[in-house]
Amino acid sequence: MSKKPAATSPATSPSPIHATVDFDLPGKQHGHLMVPYSYNLGGWANLLVPITVIKNGDGPTALASGGNHGDEYPGQIAIMKLCRNLEPSHVRGRLILIPSLNFPAAKASTRLSPLDGMNLNRAFPGKADGSVTSIIAHYLTTVLFPMADIVIDIHTGGRSMDFVPCATMHLVPDLKQRATMTAGVEAWNTDISFVYADVAGSGLLPVEAENQGKIVVTTEMGGGEPVPSGVHTITQVGLSNVLRHFGVLTGEPVTRQGLGLPPTRWVQALSRDDYRFAPESGVFEALVPLGADVATGQTVAQIHFLERPDREPVPIIAPTSGVLLATRGPALVAQGDCVACIAHDVDLASLK
Ligand code: CA
């Protein structure tokens, strides 16, 4: 019987990406991750993903990224501002900033990469010899995450969903890691802090970073293509405060209490039933404002049928009481689209 060849570990395959920045150099550098790829008029082409590294003395390393999904812009703008505005004197340790992780998708305002059709947030751990998206995931897995103590990945609902702006995290099994992540999420100072489950596949960026023991803070900062000023402010101010909280940026972090605000409301949606999917294709109408409390059995939205005005719309019902944390973004829905997320209050002590 022949022995099955061992699968190549991502960690043992060198990345084909060349970084034009030196991660060990003190000071501030703007550069690129050069990802080799080919297209019909470019045999030896490279995709240039912008990256900024700021290093000053001893301290933790934080990696902050946006544009994991290309059509989610608040984080991309917040990180571009840090790239321009921060100087080495503002940093203790090292800050690695990548505004647009899935750069081709960000330029096209798409969730998936237009180069290979892949969802970067389902591509981890990635492959050194894969397509562009897979190569980027592999580089994060094998080069950037091992350097980092803290990993911040800023999401929104993109063009598909609209969220109450919130900082988010997974319930990682390691209680020390979980407590540090909880404190990091709270440092974003959002009204709601959200513990989420992965209901749509595997291969997520935060899971790979968490499995490497990193402190991972993520967000869902609203949704849609626009970047409204209120959402942007929450994103920008929160990001800097989280970096101060972890000591990567100088200055004292502020707390909600210090701002005269009530404690954040911790909610979770860990059951598949907390995520509602369209039973049929049609036109989506929300019946409850985003962020509102809903009761068990309440109709929170409905789907209409353009070709059948005589037909009653199909209701989307909250199976349990909770807060309507997210709803479908575009009016048109296809069968199977996620159209609502209902989250439930959770005792913070149970998270620690
Ligand atoms: Ca997203």
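Numbering of ligands and ligand atoms starts at 1, following listing order. Computation of the quantities below employed the complete heavy-atom set of this structure, encompassing side-chain atoms and omitting hydrogens, waters and symmetry-equivalent molecules.
Taking both residues in full, the closest heavy atoms of P206 and Y196 are given as CG-OH, 3.5 Å, listed atom of the first, atom of the second, then distance.
Among the heteroatoms counted here (N, O or S) of E72, OE2 is the one nearest to the Ca ion (ligand 1).
Pairs of residues two or more places apart, or lying in two chains, that qualify as salt bridge (charged side-chain N to carboxylate O under 4.0 Å, His left out) and include a residue from residues 300-328 are E280-R311, R308-D310, R328-D337.
Each of I154, L205, I98, T218 was scored for a side chain to side chain contact (heavy atoms under 4.5 Å, CB included) with N68, with one residue passing: L205.
Because the distance cut-off is set at 3.0 Å, E220 fails to qualify as a neighbour of the Ca ion (ligand 1), as none of its N, O or S atoms comes that close.
E285 is linked by a salt bridge (Lys or Arg N to Asp or Glu O under 4.0 Å) to nothing, counting only residues two or more places apart in sequence or in another chain.
Seen from the Ca ion (ligand 1), atom ND1 on H69 and atom ND1 on H155 lie at an angle near 80° (rounded to 10 degrees).
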